[in-house]
Peer 1: 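Pasting in a structure now, in C-alpha cells, and then I'll have a few things to ask.
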Amino acid sequence: MKRLTREQLAARVARDIPEGAYVNLGIGMPTLVANYLPRDREIFLHSENGILGMGPAPAPGEEDPDLINAGKQPVTLLPGGSFFHHADSFAMMRGGHLDICVLGAFEVSVSGDLANWHTGAADAIPAVGGAMDLAIGAKQVLVMMEHLTRAGESKIVERCRYPLTAVACVDRIYTDLAVIDVTPVGLRVREMVDGLTFAELQRVTRAALVPPPQDMCA
Amino acid sequence: MKRLTREQLAARVARDIPEGAYVNLGIGMPTLVANYLPRDREIFLHSENGILGMGPAPAPGEEDPDLINAGKQPVTLLPGGSFFHHADSFAMMRGGHLDICVLGAFEVSVSGDLANWHTGAADAIPAVGGAMDLAIGAKQVLVMMEHLTRAGESKIVERCRYPLTAVACVDRIYTDLAVIDVTPVGLRVREMVDGLTFAELQRVTRAALVPPPQDMCA
Amino acid sequence: MVNKTVASLQAAVADVPDGATIMIGGFGVAGQPSALIDALIAQGARNLTVINNNAGNGERGLAALLKARRVRKMVCSFPRQADSFVFDALYRAGEVELEVVPQGNLAERIRAAGAGIGAFFTPTGHGTLLAEGKETRLIAGRPHVLEYPLTADFALIKAHRGDRLGNLVYRKAARNFGPVMATAAACTVAQVDEVVDVGALDPEAVVTPGIFVHRVVVA
Amino acid sequence: MVNKTVASLQAAVADVPDGATIMIGGFGVAGQPSALIDALIAQGARNLTVINNNAGNGERGLAALLKARRVRKMVCSFPRQADSFVFDALYRAGEVELEVVPQGNLAERIRAAGAGIGAFFTPTGHGTLLAEGKETRLIAGRPHVLEYPLTADFALIKAHRGDRLGNLVYRKAARNFGPVMATAAACTVAQVDEVVDVGALDPEAVVTPGIFVHRVVVA
C-alpha cells in the first residue's frame, strides 16, 4: 500500500492552512508542518510558551536559550512577533483565538474524541502539557498521524481505548493514507492517496467511514 | 465641639501610612490624603485605571488627557511607576496586593459593613465604580468621613440603611472627631480630637463604642 | 500579505448591525475611540447594547451616541458623573436601560470572555444589591458570587500605535479597557494615532498581539 | 527609601521553611531561576511542594533540587521529557508525589490566585482523567470543570532587569510563568541579570509592577 512519508504528510497539512491563519503546531510530527507552509502566505505560528510570530530554527551558533518553542528547541521571532506570559498565551488558546491547531494522536474516535497524551500504561509517567487546552480551544483541531500503529492497528477507532485528551474536539484527520473529516454523519473521507480504493481504506480502518462524493456515485 | 478640618483629617490619615505601602485613595475626600503623605516616606499610589506610582497634579499647561486618576483629574507618573490594563489593575485590588485603601462613606456599621456607593433614593442613578473591589480586596480598608451628616446624624451605625458596598470590610474609621478600629469586640476608639470626652463621642455616635485604653482605667 | 488596516473610519464600522453588542474602550475620555464612535453614529446602527466603564461625558463620543438614541442598554460601572447629563436625562426618562457592574467584575468578565472561562467566583459584590439573585458559594470560608463572561459583537478601542498585523501599543492610562476588550469581541476595531511598519513595535512591549485585532484605522 | 534588592542569593531564600509550597518559574530551562534554586538547595529546606511547568531537566536547577530529595510533591503539566531522568527515577521509586495539571489550567489557576478569583469553570480537561472527581457544569451548552486557585508561600522567578522597587522586565520566551507566579505567592523573589536605576524601565513596558515583588537579587 502506497503511503505518504512524514514529509509528504506535513506538506499536505500545510497546503490547507490559509493566509493570515494563527496556528499552533503540536510537539512531534506537527512541528514538521512549519517547513512546508506556502511561502506566499503570511501565517502566524503561536507557541504556548508565550510567542506569536515564531520563525524557523536559527542558524547554527545563533541559538538563544531564552527563545525556544514548546518542544524546547531553539527558534526565532519574525518581524511583527511578540512575547507574552503564560496565562495570556493560554488565553489565546482557550479563548478560541487560534484558527488552527495541528496535533499528533494515539487514537481518534468516530465522534472526534482525541487521545494523545497518555498511554495509560501502569509505568507511564503522565504528561499533558498544553494538549488539552489546544484541543478544546482552537477553532479547528487538525490531527496528523500515521493511519496505523507499528503493529498495524487502526488509530481511527469507534471508541478510544487510551485516556482522552478531549471529547469530540477533532475536526479533521490527516493520515499517511487519507484526509478524513469528522462530521455529524460520521467520518467522511475527503481524499485518499493515489491508487488507494475506499474499500481498501475501510478495510484497514477500525471505524465506519463515509465515502468521498465521487465514490458515492460509483 | 471641636472638629478636624478636611485637611487635618487627611493629614491624620496620611500619618498612618507606612513607608513602602501600596495605597489606593478613593474618589473625593480620600484624594486629599495624597497632599499630606510624609515626604520622607516612599509610598506608592495605585489608580484603578491602570497606574502604579501615581504622582501629584501636573503644573498648569502640562496636563495630559491620557494621564488621569480614577476621578478623571490630570495626574503625573513618578519614576518607577508603570501602566497596565484594567484587568491587571483590578487583579492588584482584588488579589489582595494593595496594603491600604482609603474610602469615603455614607455609613459604617458596628461590624464593619460599608455603604458608600448608592443612596438608594428612587431617582438616584446607581454608580459603583471600583468601590466594591477595593472594599473586598485591600489588605486594610480605611474609611475617612465626617462623623455626622449635615443633618447631624451619626454616620457610624448599628446597621447600615443605605445599600451596602461590602460586608464586614472596614478595618478603621477616621472621622473629624475620632479614630476608631472595627474589632471583633466592637468599635474601639483609638483617638479623639483634643478636648472631646468619650462620653461626648458616644453621645453623637449611633452605635456602641469601646473606650480607648486610658478611658478604661479612668 | 495580511493587511488589517482599513482605509476609512466608515469602512471600519460599516457592518455593525442593529441590535449589536458593542464594547467601547476608555475610562472617561482617556482611551475612548471618539472617531470610531462618530463613524458609528454616521453609520446609523440602532438598538445597541454598549459596554463601557462610564455612560458618556459632555456631548461628544459615547455621549453623542446616546444623544442620537442609538443605545438601548448601557452596561457600565460608573454612569453618574459631573458631565453625564445626556445619559442622566435619557435614564430618568426611561429611554435607556442600565446594568451597573462593579468595575473589577466588568474588567474580569470581559477578560473571562477572551480567555475562555465559563464563569468565575469572586468576593466582589457579595451581600450587595449588585449580587441579588446571583449564585453564591462559600470558598475557603469566604462568600463568593458567580459571575459570567461578557462578550460582544464588536470592540471599538483606541490605541497609540498599531501595525498592519494588528499589534497594538497604548499610551499611558489610555490603555485601560482596550487590551481586555480586544480579546472579548468577535470583531475588534482599533483606532490608532499612527500605523507603523511591521517590526517597528518592540516584541517585548506589544500590549495587544495582532491575533486579537481585526481592523486598524488611523484617526 | 524602599529597597527590595537583597545582597545575596543566600539572603533571598534564607527564610524558606520546611514544608513550604514554592512556585518556580521557567519552561524547561528558559526562565528557570537556577541561582535561586542552587541557593535553596544550600539553604536546606525539605519536604517542599514545587509548582513548575516541568519536573527538571538534566541534573541542574530543579533537577538538582529533586536529586537532593527536597521535594515531596511536584505540581506540573509536563514532567516526562528526554532529560527528566532524575524525576523519572524518583517517581518510579515512589519517592515523589506527582499532580499533573493541564498547562493552561496551571497558568490560569496561578493567575486566579493572584487576581483573587475563588474558582473558575473551564472546558479544559472535561471528560478526561485529569478532571475525575471534579465538579462539572454545563454552561452555554458546553461542559466545564471547576478549578481552584494555586497559591504558594514563595515564588522564585527569573527576570531580565529589575529595579529596587521590584519592577521587572523579562527576556523573550523566558517570560513564561514569571509574571503570573509573581502575583500568586506570599513572597516573590526575582533573580535578575541586572538591577537598573528607578526610572530606567519604560513604564509602558514594565511587565511585572513592583507591587508583586518582594526581593530582587542579581545572579
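Being a predicted model, the structure only gives us computed values, none of them experimental. In the text below, chain A, chain B and the rest are named by the order of the sequence lines, each starting its count at 1.
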Peer 1: Do you know which of Pro203(D), Gly116(D), Gly210(D), Ala205(D) has the most heavy-atom pairs under 4.5 Å to chain B?
Peer 2: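 Of the options given, most contacts go to Pro203(D).
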Peer 1: Side chain, backbone, both or neither: which part of Leu201(D) has a non-hydrogen atom closer than 4.5 Å to chain B?
Peer 2: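 Contact with chain B is absent: no heavy atom of Leu201(D) under 4.5 Å.
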Peer 1: What part of Leu98(B) gets closer than 4.5 Å to chain D, counting heavy atoms only: side chain, backbone, both or neither?
Peer 2: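 Both parts, backbone and side chain.
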Peer 1: Please tell me if the side chains of Met132(B) and Trp117(B) come closer than 4.5 Å, counting only heavy atoms from C-beta onward.
Peer 2: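 Side-chain contact under 4.5 Å: yes.
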Peer 1: Take a 6.0 Å sphere around CG of Asp194(B) and say whether it holds more than 12 heavy atoms from other residues, nucleotides or ligands.
Peer 2: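 No, because the 6.0 Å sphere around CG of Asp194(B) holds 12 heavy atoms or fewer from other groups.
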Peer 1: Using 30° and 60° as the class limits, which term best fits the ring planes of Phe121(D) and His144(D): parallel, tilted or perpendicular?
Peer 2: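 Judged by the thresholds at 30° and 60°, the geometry between Phe121(D) and His144(D) is perpendicular.
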Peer 1: Strictly distance-based, threshold 3.5 Å: is any side-chain N or O of His46(B) a donor or acceptor partner for the main-chain N or O of Leu52(B)?
Peer 2: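 It does not hold such a pair.
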